[in-house]
Amino acid sequence: MAESIAHADRRPPGVLGHRIYSALLPASITCFIGALITDIAYSRAPDMMWLNFSSWLLLAGLVAGGVAGVVLIVETVRRRARRTGAWAAHALLFVAAWVVEVFNSFVHTRDGWTAVVPTGLMLSILAVVLALLAGWFWQSANHRVAGDL
């Protein structure tokens with residue numbers, strides 16, 4: 001009985017023992033990369049379709065990132081996890097990318113060309129770099145924690 005209780009405490013939180021945040025993080029990063037690609041397409045061929053795609057991808061990335069952030073906070077509190085330097089760098093970079101994309105979403109509400117070029121495109125590039133770095137630090141933090149177990 002005591003062994004089963006001790007084993008249950010070591011189980012990672014999430015649905016059926018899988019970390020939910022690790023599944024949600026790539027969704028937001030992928031949407032941010034997709035928004036950058038559609039911004040580049042719009043700057044090459046100014047068709048409103050690309051602007052609409054960018055706006056929808058930004059919205060999807062912001063929603064996925066917001067849900068991922070809430071899940072990360074809940075899982076971290078439940079696990080009472082040690083916070084490493086890589087974890088802190090990940091959190092700061094991901095929050096920075098998310099905030100940049102919020103501003104980018106407001107820029108994308110402008111009409112026509114000024115919605116993307118040059119401000120929207122620069123914000124998309126900055127956010128993708130921040131999000132990719134955040135993902136890299138997340139992988140570093142996970143490998144470090146997994147190696148400690």
Side-chain angles (χ1 to χ4, degrees), residues 3-42 48-111 114-149:
E3 290 175 14
S4 64
I5 292 172
H7 178 67
D9 290 340
R10 280 187 254 139
R11 207 170 22 139
V15 177
L16 300 176
H18 296 286
R19 298 183 203 277
I20 299 169
Y21 181 76
S22 296
L24 291 173
L25 179 64
S28 59
I29 293 175
T30 302
C31 287
F32 294 160
I33 291 170
L36 173 61
I37 291 169
T38 56
D39 282 350
I40 292 169
Y42 182 78
M48 290 301 289
M49 170 187 69
W50 297 116
L51 179 59
N52 291 335
F53 287 166
S54 291
S55 296
W56 282 106
L57 284 165
L58 285 172
L59 176 65
L62 288 171
V63 169
V67 171
V70 169
V71 168
L72 178 64
I73 291 168
V74 169
E75 285 188 357
T76 302
V77 169
R78 281 183 61 196
R79 286 177 61 207
R80 295 183 185 112
R82 292 177 295 179
R83 289 170 180 82
T84 63
W87 186 92
H90 161 73
L92 289 174
L93 287 168
F94 191 67
V95 166
W98 195 84
V99 168
V100 167
E101 290 293 23
V102 167
F103 286 116
N104 195 12
S105 182
F106 289 131
V107 168
H108 274 73
T109 62
R110 296 180 189 165
D111 288 332
T114 59
V116 175
V117 179
T119 309
L121 188 58
M122 292 299 125
L123 288 174
S124 287
I125 292 169
L126 175 62
V128 165
V129 168
L130 290 171
L132 289 174
L133 285 172
W136 184 73
F137 278 109
W138 177 251
Q139 288 300 320
S140 296
N142 276 344
H143 287 297
R144 207 173 277 155
V145 170
D148 292 343
L149 294 176

Quiz item: Taking all non-hydrogen atoms of both residues, which atom of A68 and which atom of Y21 are closest, and how far apart?
Solution: O-CD1, 3.0 Å

Quiz item: Looking only at heavy atoms, which two atoms of H108 and G120 are closest? And how far apart?
Solution: CE1-CA, 4.0 Å

Practice problem: Taking all heavy atoms of A97 and all of A127, pick out the closest pair and write down the distance. | Solution: CB-O, 3.7 Å

Quiz item: For L24, which of V70, L72, V67 qualifies under side chain to side chain contact (heavy atoms under 4.5 Å, CB included)?
Solution: V67

Quiz item: Just one of L123, V63, V107, N104 clears the side chain to side chain contact (heavy atoms under 4.5 Å, CB included) bar with L58, so which one?
Solution: N104

Self-check item: Point-to-point distance, once rounded to the nearest 0.5 Å, from CZ of F94 to CG of L130
Solution: 11.0 Å

Quiz prompt | V99 side chain reached by F103 side chain, heavy atoms, under 4.5 Å | solution = yes

Practice problem: Please report the closest heavy-atom contact between S124 and D39, naming both atoms and the distance. | Solution: OG-OD2, 2.6 Å

Practice problem: Please answer whether the main-chain N or O of E101 pairs with a side-chain N or O of S105 as donor and acceptor at a distance below 3.5 Å. | Solution: no

Practice problem: Specify the closest pair of heavy atoms between G61 and S28, including all atoms of both residues, with the distance to one decimal. | Solution: O-CB, 3.4 Å

Practice problem: Mind checking the OH-CE spacing from Y42 to M48? Nearest 0.5 Å is all I need. | Solution: 5.5 Å

Quiz prompt | Residues I29, V128; criterion side chain to side chain contact (heavy atoms under 4.5 Å, CB included); working and verdict | solution = CA-CA 7 Å; I29 293 175; V128 165; over 6 Å; no

Practice problem: Verify whether the ring centers belonging to F53 and W56 lie closer than 6.0 Å. | Solution: no

Practice problem: Name the orientation class of the two ring planes belonging to H90 and W138 (parallel below 30°, tilted from 30 to 60°, perpendicular beyond 60°). | Solution: tilted

Quiz item: Is there a side-chain contact between V116 and T38, using heavy atoms and a 4.5 Å cut-off?
Solution: no

Self-check item: Atom of T119, atom of R110 and distance for their closest heavy-atom approach
Solution: OG1-NH1, 4.1 Å

